[in-house]
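Remarks on the structure that follows.
In the text below, chain A, chain B and the rest are named by the order of the sequence lines, each starting its count at 1. Predicted model, so just to flag it, every value in this text is computed and none were measured.
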Amino acid sequence: MYAADEKPMPLDALIEDAQRVLRVCNACRYCEGFCAMFPAMARRLEFTENDIHYLGNLCHNCGSCLYACQFSPPHEFQVNVPRLMARVRGETYRRYAWPGFLGKLYDNNGVAVSLISAFSIALLFWIAGALGNPDRFFAAHSVEQGSFYALMPHNLMAGMFGAVFAFAMVALFMGFIRFWPYMGEELADFVKKPLAEGLHDAFTLKNLGGGGEGCTYPTEQKSFARRIFHHFTFYGFLLCLAATSVATVYHYVLDYPAPYPYISLPKLLGTLGGIGLLIGPAGLLWIKAKRDPDLAYRSQDGMDAGLLVLLFMISLTGLGLMIWRETGAMGTWLAVHLGFVLALFLTMPYGKFVHGMYRLMALVRYHLERRRPVPGIAPE
Amino acid sequence: MLDTSKTWDLLVVGGGNAALCAALMAREAGCSVILLEGAPKHFRGGNSRHTRNLRCMHEEPQDILTGAYPEEEYWQDLLKVTGGLTSEKLARIVLHHTSSCRPWMMKHGVRFQPPLGGTLHLSRTNAFFLGGGKALVNAYYDSAERLGVEVHYEAQVTDIEIEGDSFKSATFTLGGETHQVRAKAVVIACGGFQANLEWLEEAWGPAAKNFLVRGTPYNRGDILKLLLAKGAKQISDPLQGHCVAIDARSPKYDGGIITRVDAVSLGIVVNKNAERFYDEGEDFWPKRYAIWGRLVAGQPDQIGYSIVDAKVMGKFMPPVYPPIRASSLRELAAKLELNPDALEKTVREFNAAVRTGTFDHTIQDDCVTEGITPAKTHWAQKIDTAPYFGYPLRPGITFTYLGVTVDDKSRMILQDDKPCKNIFAAGEIMAGNVLGKGYLAGIGMSIGTTFGRIAGEEAAKHVRG
């Protein structure tokens with residue numbers, strides 16, 4: 001049984017197969033220039049389960065090593081590092097989910113779950129609004145009248161979303177606080193110079209570049225498409241986060257409540273971020289559909305697509321809300337938008353979103369480790 | 001689809017590095033080119049798939065190459081490993097070519113990287129391909145397809161029609177059908193015969209049954225045999241090749257570089273009678289591994305066992321197969337199916353002969369034996385610290401040197417010593433002209449790139465005038 005195929009396999013069989021594949025890679029080392037994973041591997045002579053989780057999260061699934069591999073299937077050595085490491089990452093996410101019993105949510109956290117939770121929450125908001133006070137819900141409220149805060153008071157909205165978001169952050173932090181020592185590192189070492197280097201690699205997606213020529217993704221032709229669409233997604237997300245933060249400061253510090261005019265800092269940040277969150281996730285879904293099936297473990301496609309669909313819909317409904325905020329449809333736009341946002345926050349610690357955290361931790365550790373001496377070996 | 005009525009400017013037989021270099025050069029010169037690769041697409045590229053670098057002459061540091069590797073040093077290195085079995089004229093063409101061919105390679109998508117971990121000693125002499133030889137082969141095929149070279153996979157050439165000194169046509173099978181292809185010139189670059197077990201047995205005798213073929217299973221030497229039968233002048237002999245000691249547990253074919261065992265120089269090697277048979281510490285392993293294939297081939301049943309103890313674990317490149325491990329020598333002997341008494345006796349005598357020195361596996365240290373035959377002249381340490389580890393060894397053939405003679409234009413020479421008009425040979429099928437025996441890391445790709453490019457260029461000149 002090899003991780004190079006699509007069959008389900010028990011965890012210990014997966015780890016054993018990863019050890020076998022890494023022994024092949026370590027005796028070859030031709031792929032050292034593609035990304036950080038191979039130099040990190042080459043520091044080791046044996047691979048513990050901890051090492052495999054670490055290396056798995058260093059892999060960015062760029063695909064370069066699969067096409068360059070002399071031993072990729074159908075060769076009998078069955079070496080397919082991108083797929084193997086995708087499977088390993090799935091195990092990391094499950095294992096470090098908090099609370100632990102929710103780890104199995106990863107198994108079915110796909111597009112359907114994302115959409116069902118988003119629309120269910122939206123429906124609840126809609127029913128509460130539409131049945132509670134239909135006149136107010138379906139009326140047009142001008143910006144001067146407070147637009148959506150006429151329907152849901154700011155403190156209620158901030159309180160509800162703040163609480164769910166805080167829970168998601170705690171759950172993610174619990175993953176961090178357990179995975180970092182599991183890799184064998186001291187917590188104090190996380191906040192040193194390697195953190196800046198890890199952040200640099202994460203923000204530039206240095207390792208999603210096939211050693212500088214582009215990834216062999218979605219096909220064997222080298223391309224930067226995935227890096228570019230990921231940048232749109234990630235920076236779009238950050239801009240939206242910045243928009244919310246600026247608005248919070250406006251509201252509480254400057255006593256300047258929303259809604260804001262189109263030409264204002266929160267709106268400009270949010271609109272730019274929203275555009276990024278339309279282009280990025282759509283692009284990533286598009287190249288995923290064209291992707292060579294050998295490159296990934298398809299059972300996890302649902303998890304990836306679930307997050308992308310949520311991000312895309314948040315942006316779409318957010319922009320819709322902004323455009324039609326002074327019409328009678330605003331209440332419905334608001335309910336649907338809030339449904340998607342809350343669904344993202346709820347599924348955040350149990351879906352693809354966590355990859356960013358584990359990968360950043362692996363990158364920081366890579367930069368920590370790279371400063372340590374390697375045991376000398378005889379010239380090969 | 002295949003147009004069999006057409007007369008091509010150039011037919012290239014084979015699909016590895018040399019074949020691709022020839023096809024690209026001729027296409028760049030404006031020739032119409034058809035390339036027939038015998039292997040399926042996934043396994044295209046012959047032994048080039050398994051390579052990782054190019055040995056380059058250079059007078060000063062170049063991007064990823066450190067220091068200088070001047071012509072004279074390169075030439076002396078080659079002279080040493082071949083014991084003079086080389087053509088100085090052709091060899092110097094290769095040396096010169098390697099100093100200037102890399103920009104062209106990069107133009108066709110090949111990328112270079114600094115030396116890999118464990119290969120720092122090659123940082124001066126060898127330019128490593130990013131991703132290895134398969135990445136290089138992929139880049140060349142991409143470029144060839146973009147430029148309009150017609151490529152067919154699983155296209156087995158079965159006959160070559162030669163009239164006097166000229167190529168007329170070739171016959172090949174594709175998808176169960178037989179086709180004929182006519183061309184104004186042909187470049188033959190389809191490798192040696194290492195995967196032809198019958199031919200190996202003819203040359204080596206019954207010992208060949210125990211050989212493993214480290215290289216591609218598609219190099220069966222059918223075209224080589226055909227050319228020799230049709231009057232090509234032979235170079236080298238069927239016993240010469242790149243033959244190294246590899247892990248006996250490796251697959252019969254296509255195991256590639258990872259099957260090597262780098263433990264040899266740090267321990268002892270015994271045969272099936274549990275007796276040592278050669279100085280394991282003669283030199284660094286990279287300089288000696290190419291003789292150990294022959295040494296193991298000369299032992300009973302063509303098997304050897306590299307034995308080390310706990311002291312040296314972690315001091316050599318990790319082999320792909322885990323060692324066979326035991327808490328005592330007797331237990332290890334049993335696991336390796338050796339006579340425990342005999343192994344104990346060999347190790348006892350070896351240990352008694354070890355003279356105290358300062359062990360350092362990164363230099364040629366002063367740890368030697370005294371009063372034992374064969375001696376161990378470096379890195380001799382007592383084998384006395386459990387656990388003990390064993391790696392079984394077999395001869396592993398990467399590629400053979402028997403080939404056709406060529407001239408400086410890569411033209412095939414006939415038995416009357418005259419060059420053919422329009423038949424060119426490149427790569428392993430003519431590597432024996434430069435490499436009569438022995439090996440220098442990275443020189444296979446140097447020969448293939450040089451004569452592949454020359455063959456393509458000369459073929460284009462012949463066709464287009």
Side-chain angles (χ1 to χ4, degrees), chain A residues 16 19-35 38-47 62-81 209-216 219-223 294 370 374-380, chain B residues 40 42-43 45 49-52 109 111-122 128-139 142 216 247 251 253-263 265-266 284-287 289 312-322 360-362 379:
Chain A
E16 209 172 288
Q19 287 166 333
R20 178 191 70 83
V21 169
L22 288 168
R23 269 202 307 270
V24 173
C25 291
N26 209 14
C28 169
R29 301 186 177 183
Y30 286 12
C31 293
E32 237 174 56
F34 284 138
C35 70
F38 291 100
M41 169 202 78
R43 301 180 61 91
R44 295 167 162 76
L45 301 173
E46 286 171 350
F47 302 94
C62 80
S64 303
C65 64
L66 178 66
Y67 298 104
C69 184
Q70 318 150 59
F71 306 118
S72 60
H75 192 283
E76 64 180 281
F77 287 154
Q78 296 278 317
V79 174
N80 181 340
V81 171
E213 295 291 307
C215 306
T216 46
T219 67
E220 199 174 335
Q221 298 304 320
K222 294 185 178 90
S223 149
D294 284 346
R370 138 184 110 68
V374 196
I377 57 173
E380 57 158 311
Chain B
H42 186 85
F43 291 105
R49 261 177 67 231
H50 289 304
T51 64
R52 58 179 186 179
R111 291 294 173 266
F112 293 92
Q113 64 176 342
L116 310 175
T119 63
L120 282 177
H121 60 289
L122 293 173
F128 282 74
F129 314 132
L130 176 65
K134 193 175 170 191
L136 169 138
V137 164
N138 290 345
D142 278 354
T216 171
D247 198 300
Y253 295 101
D254 215 26
I257 192 163
I258 64 167
T259 55
R260 63 171 178 229
V261 176
D262 290 4
S265 57
L266 302 184
F284 285 117
W285 184 236
K287 297 210 168 154
Y289 72 103
V312 297
M313 284 316 266
K315 294 194 166 118
F316 51 91
M317 273 286 281
V320 66
Y321 295 103
D360 185 346
H361 58 293
T362 61
W379 312 297

If we only count heavy atoms from C-beta on, is the Ile258(B) to Phe77(A) side-chain gap below 4.5 Å? yes
Which portion of Asp254(B) sits near chain A, non-hydrogen atoms under 4.5 angstrom: both
Is Pro74(A) close to chain B through its backbone or its side chain, or both, or neither, when contacts mean heavy atoms under 4.5 Å? both
Would you indicate whether Gln19(A), at its atom CD, is surrounded by more than 12 heavy atoms from other residues, nucleotides or ligands within a distance under 6.0 Å? yes
Can you say whether Ser72(A) sits under 4.5 Å from chain B via the side chain, the backbone, both, or neither, judging by heavy atoms? both
Minimal non-hydrogen separation, Ala68(A) against Gly131(B), with atom names: CB-O, 3.5 Å
Is it the case that atom CD in Glu46(A) sees more than 12 heavy atoms from other parts of the structure closer than 6.0 Å? no
With Glu213(A) via side-chain hydrogen bond (donor to acceptor under 3.5 Å, both in side chains) - residues at least two apart: Arg111(B)
Out of Pro319(B), Gly256(B), Pro251(B), Ala135(B), return the one with the most heavy atom pairs under 4.5 angstrom to chain A. Pro251(B)
Sort out for me which residue in Leu130(B), Thr51(B), Ile257(B) forms a side-chain contact (heavy atoms from CB on, under 4.5 Å) with Tyr30(A). Ile257(B)
Region of Pro322(B) that comes under 4.5 Å of a non-hydrogen atom in chain A: both
Short question: side chain of Arg23(A), backbone of Pro318(B) - any donor-acceptor pair under 3.5 Å? no
Point-to-point distance, once rounded to the nearest 0.5 Å, from CD of Gln70(A) to CZ of Phe43(B): 11.0 Å
Region of Cys69(A) in contact with chain B, defined by heavy-atom distances below 4.5 Å: backbone
Considering only heavy atoms, which portion of Phe38(A) lies under 4.5 Å from any heavy atom of chain B: side chain, backbone, both, or neither? neither
Main-chain N/O of His42(B) paired with His75(A) side-chain donor or acceptor, under 3.5 Å: no
Interatomic distance, CG@Asn138(B) vs CD@Gln221(A), rounded to 0.5 Å, equals 10.0 Å
Kindly indicate whether the side chain of His50(B), heavy atoms from C-beta on, has any atom under 4.5 Å from the side chain of Phe71(A). yes
